[in-house]
Amino acid sequence: MGRIFSGVQPSGNLTLGNYLGAIRNWVKLQNDHECIFCVVDMHAITVWQDPEALRRATREVAAGMLASGVDPKKNIIFNQSAVSGHAELGWILNCVSRLGWLNRMTQFKEKAGKHKENASVGLYVYPNLMAADILLYKGTHVPVGDDQKQHLELARDIAQKFNNDFGREVFPLPEPMIFGSATRVMSLRDGTKKMSKSDPSEYSRISMTDDADMIAKKVRKAKTDPHPVPDSVEACGDRPEAKNLMNIFAALSDQELKEVCAEYGGQSFADFKRALTDLAVSKLAPISEEMQRYMDDPAQVDAILKDGAERANAIAAPVLKEVKEVVGFLQP
Ligand code: TYM
């Protein structure tokens, strides 16, 4: 396998969705692959971010990766804005990508809401920057949650068009890696909506910084239906909230959904939620404690990011040089 690239936005607290859908998988990949993991602060500012909060969230997301076990010696961990090639290649790809392609992006439609005219232009071209993130390193594999699938298809289209337009195989076509039992963790308040950092309801998500009491409260308040725990995967069918909680349990305990159904099927949700709380606390509390340790020492996090940015730049610079050459830019 070639080179792995993935990223997380520092647009709020890391959620259980980010952990189960992405970061936990990165930890599994890091031993056998060359990996680059990025805190995508330039993506975050496509919607308003308070500058101080952005700085804090950038460190916190980095702390979350480190605390989850992403090793800064084995991998490159850095923040996007520290490597200027992302912006430079982003611009070139803005000129390769097509309006018609961007118009199909469902995430833009969701995030821009009813008043599209008020959305930033950055939010619209966001997927082009995401393609630049990956292609700047000639990334070949991208481990993400299910919600990023469409953006990755676009990244492939952009890579392919660039290669065709210039008649050179400059970029590989990056492959999505969507794996594990929690590729789409849903909101605790609405089993048809994705769990998200930006949901206005704090009770819709478990954050990686939540303490045991908060996790217990959120799980207790999580929406369910009046029936007992389903006893088979088929019985989860039209019960999205029940299925979501059981999927979370399966992912956290490294089991299949069917095993969780077999063990808890027929019990009350009150009992199941108690078991889920114990499991979530036992898995997440050590991570949140370690995150706090990093947050108490921001200089350590900054040093890791700085070192990562230098190493990232060393890979990016020759790629950018090649791209500029191919495009026809004079490089005096
Ligand atoms: P972001 O910051 O929204 O999410 C980071 C990662 O977490 C995954 N994820 C989830 N997985 C399962 N269930 C959920 N509820 C859930 N919520 C989030 C996401 O799929 C993602 O893998 N555009 C990207 C960031 C990005 C990027 C990139 C990713 C920028 N450039 C280049 C890969 C490669 C985003 O907004 O992720």
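Remember, it's 1-based here, ligands and their atoms both numbered in the order they're listed.
- Considering backbone and side-chain N/O atoms, M130 never comes within less than 3.5 Å of an N/O atom of ligand 1.
- Here the protein heavy atom with the shortest distance to atom 10 (C) of ligand 1 is G17 O, 3.4 Å.
- Regarding atom 34 (C) of ligand 1, its nearest protein heavy-atom neighbour is V142 CG1, 3.6 Å.
- The salt bridge (Lys or Arg N to Asp or Glu O under 4.0 Å) test with R59 is passed by exactly one of D302, D41, D297: D302.
- Salt bridge annotation for D307-R311: present, with a cationic side-chain nitrogen under 4.0 angstrom from a carboxylate oxygen.
- For ligand 1 and S6, the ligand atoms under 4.0 Å from any heavy atom of the residue are 33 (C), 34 (C).
- Salt-bridge formation is detected for the pair K193/D199: a Lys NZ or Arg NE/NH1/NH2 atom is positioned less than 4.0 Å from an Asp or Glu carboxylate oxygen.
- Salt bridge annotation for E52-R56: absent, with no cationic side-chain nitrogen under 4.0 angstrom from a carboxylate oxygen.
- In the vicinity of H43, heavy-atom distances shorter than 4.0 Å reach the ligand 1 atoms 30 (C), 31 (N).
- With respect to D271 and R274, a salt bridge is recorded, a charged nitrogen being found less than 4.0 Å from a carboxylate O.
- Of the heavy atoms in A182, only backbone atoms (N, CA, C, O) come closer than 4.0 Å to ligand 1.
- Residue contacts with ligand 1 leave out Q80, since none of its heavy atoms falls under 4.0 Å from the ligand.
- Legend: salt bridge (Lys or Arg N to Asp or Glu O under 4.0 Å) pairs involving residues 112-123, not counting sequence neighbours: none detected.
- H86 and F78 have tilted rings, their planes meeting at an angle from 30° to 60° on a 0 to 90° scale.
- Partners of D157 according to the side chain to side chain contact (heavy atoms under 4.5 Å, CB included) rule, which considers only residues two or more places apart in sequence or in another chain, are W101.
- Around atom 20 (O) of ligand 1, the closest heavy atom drawn from D147, I36, T183 belongs to D147.
- Scanning the protein heavy atoms around atom 3 (O) of ligand 1, the nearest turns out to be K197 NZ, 3.8 Å.
- Taking a cutoff of 4.0 Å between a charged side-chain nitrogen and a carboxylate oxygen, K283 and D254 do not qualify as a salt bridge.
- Ligand-side atoms of ligand 1 in range of G21: 11 (N), 12 (C), range being under 4.0 angstrom from any heavy atom.
- Scanning the protein heavy atoms around atom 17 (N) of ligand 1, the nearest turns out to be M195 O, 3.7 Å.
- Proximity annotation for atom 23 (N) of ligand 1: of F37, Y126, Y19, Y126 comes nearest, heavy atoms only.
- The shortest N or O to N or O distance between Q107 and ligand 1 is not under 3.5 Å.
- Using a 4.0 Å cut-off between a side-chain N of Lys or Arg and a carboxylate O of Asp or Glu, E110 and K194 do not qualify as a salt bridge.
- If you check which protein heavy atom lies closest to atom 25 (C) of ligand 1, you get G7 O, 3.6 Å.
- Only the side chain of V40 comes within 4.0 Å of ligand 1, counting heavy atoms alone; its backbone N, CA, C and O stay farther away.
- Contacts between Q9 and ligand 1 below 4.0 angstrom, taking non-hydrogen atoms only, involve backbone and side chain alike.
- Heavy-atom contacts of R184 reach the following atoms of ligand 1: 12 (C), 13 (N) (cutoff under 4.0 Å).
- With hydrogens left out, the protein atom closest to atom 18 (C) of ligand 1 is N18 ND2, 3.2 Å, a heavy atom.
- In terms of protein heavy-atom proximity, atom 6 (C) of ligand 1 is closest to A22 CB, 3.6 Å.
- Under the 4.0 Å criterion applied to side-chain N and carboxylate O atoms, E153 and R156 are not assigned as salt-bridge partners.
- In this structure, atom 37 (O) of ligand 1 lies nearest to the protein heavy atom Q148 NE2, 3.8 Å.
- Ring-plane geometry between F269 and F272 is classed as perpendicular, the angle between the planes exceeding 60 degrees on a 0 to 90 degree scale with a lower cut at 30.
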